[in-house]
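Since the structure comes first, as structure tokens, the remarks are kept for the end.
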Amino acid sequence: MDNAARAAGRPAARLLAVSKTQPAEAVATLAAEGQLAFGENYVQEAAAKIARLQPAGLEWHLIGHLQSNKAEQAAQLFDWVQTVDRPKLIAALARHRPAERGPLNVLIQVNIDDEQSKHGCAPGRYCRAGRTDRRRAAAATARADGHSRPFPEREQRQAAFARMRRLFDDLALRRPSVDTLSMGMSGDYADAIAAGATMVRIGTALFGARH
Ligand SMILES: *Cc1c(COP(=O)(O)O)cnc(C)c1O
């Protein structure tokens with residue numbers, strides 16, 4: 001993984017361990033080996049795990065869809081929310097973020113294939129969400145690789161990753177705080193890193209099959 005990134009002249013991508021459905025013990029085992037960043041899809045499931053593992057110095061990312069009525073809890077629990085897809089959500093997260101926890105990192109979820117889909121904003125609108133961000137590090141997370149909308153063909157996935165990277169570069173040029181491109185999962189992280197992902201979200205390749 002590191003070699004591909006280095007060959008492309010980029011720093012290696014950060015590894016986010018996706019721990020959804022995995023017990024707190026499995027997280028603790030990886031944490032003991034030095035993996036400190038974990039991704040969860042559901043606020044409720046994450047709340048229980050975070051409580052059990054405190055204070056372990058772990059960094060928690062919400063990578064599943066966030067409903068507005070869970071924004072308060074998410075702003076308190078997580079260090080990152082990777083699924084911001086509407087301005088209203090950024091405002092709610094900012095309002096509920098406890099001052100003592102410091103800035104919340106947010107990523108804009110982009111629907112790179114630009115088709116009808118439930119979550120993520122269309123590529124043409126991603127900058128609008130970025131402008132409403134009053135906190136640090138608005139950035140982009142591609143969901144072209146998402147579990148709900150996988151591209152069957154490798155060439156299609158590679159093209160989507162490349163489109164996402166161009167959007168990211170375009171946004172980063174205008175907003176220096178944009179520094180994270182989260183894309184790639186167990187099945188396609190090598191292609192995502194080759195395309196310029198700065199963070200990959202890996203579940204099954206680390207933990208084995210989900211329960
Ligand atoms: C589950 C999930 C992952 C990890 O998927 P694997 O194929 O197990 O690596 C990554 N991103 C999102 C948004 C997920 O829901």
Side-chain angles (χ1 to χ4, degrees), residues 1-2 4-5 12-24 26-27 29-31 33 35-50 58-67 70-71 74 77-86 89 93 105-113 115 117-121 123 126 129 139-154 156-158 160-161 163-165 167-168 180-211:
M1 176 185 310
D2 292 6
R14 274 192 84 194
L15 172 62
L16 182 70
V18 176
S19 49
K20 63 174 174 234
T21 79
Q22 304 294 345
V27 172
T29 301
L30 264 196
E33 291 170 20
Q35 173 64 33
L36 301 180
F38 292 89
E40 288 283 337
N41 288 59
Y42 304 102
V43 174
Q44 236 45 263
E45 183 187 343
K49 259 177 245 186
I50 293 170
L58 303 181
E59 180 184 289
W60 292 96
H61 295 230
L62 179 66
I63 61 169
H65 178 66
L66 179 59
Q67 291 170 310
K70 296 262 170 64
L77 278 176
F78 291 94
D79 302 289
W80 292 62
V81 172
Q82 295 205 4
T83 49
V84 168
D85 61 358
R86 51 203 193 278
L89 200 49
L93 289 168
N105 293 287
V106 298
L107 302 188
I108 302 166
Q109 182 180 353
V110 177
N111 227 331
I112 197 64
D113 53 348
E115 286 170 28
S117 159
K118 263 168 80 186
H119 307 310
C121 53
Y126 72 106
T141 176
R143 283 312 179 65
D145 54 343
H147 47 131
S148 54
R149 302 183 56 75
F151 282 106
E153 301 296 336
R154 186 171 177 208
Q156 281 177 279
R157 275 206 314 271
Q158 289 172 323
F161 286 152
R163 275 203 306 282
M164 192 59 234
R165 177 70 204 198
L167 274 182
F168 172 72
T180 301
L181 177 59
S182 164
M183 61 182 189
M185 317 194 326
S186 292
D188 55 15
Y189 65 84
D191 283 338
I193 291 169
T198 69
M199 183 184 293
V200 290
R201 310 182 303 265
I202 310 291
T204 48
L206 275 175
F207 290 103
R210 277 184 280 281
H211 311 296

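Quick note: numbers below take in every heavy atom, side chains included, and nothing from hydrogens, waters or symmetry partners. All ligand and atom numbering here is 1-based and tracks the order in the structure.
- Taking every non-hydrogen atom of Arg201 and a distance limit under 4.0 Å, the qualifying atoms of ligand 1 come out as 4 (C), 9 (O), 10 (C), 11 (N), 12 (C), 13 (C).
- Around atom 14 (C) of ligand 1, the closest heavy atom drawn from Met183, Lys20, Gln109 belongs to Lys20.
- The closest approach between a heavy atom of Arg210 and any atom of ligand 1 is below 4.0 Å.
- Checked by atom type, the side-chain pair Gln67/His65 shows no donor-acceptor distance below 3.5 Å.
- Across every non-hydrogen atom of Glu59 and Asp79, the tightest pair is CA-OD2, 3.3 Å.
- Under a 4.0 Å criterion applied to the non-hydrogen atoms of Ile202, ligand 1 contributes the atoms 9 (O).
- Atom numbering of ligand 1 starts at 1 in the shown order; those under 4.0 Å from a heavy atom of Ile63 are 11 (N), 12 (C), 13 (C), 14 (C).
- Across every non-hydrogen atom of Leu93 and Val84, the tightest pair is CD1-CG2, 3.9 Å.
- Ring centers of Phe78 and Trp60: at least 6.0 Å apart, outside the cut-off.
- With atom 7 (O) of ligand 1 as the reference point, the heavy atom nearest to it among Gly203, Ala209, Ser186 is part of Ser186.
- Judged purely by distance below 3.5 Å, without hydrogens or angles, the side chains of Asp85 and Gln109 never pair a donor atom with an acceptor atom.
- The two residues Arg201 and Ile63 make their nearest non-hydrogen contact at CD-CG2, 4.0 Å.
- Of all the atoms in ligand 1, the ones that sit under 4.0 Å from a non-hydrogen atom of Asn41 are 14 (C), 15 (O).
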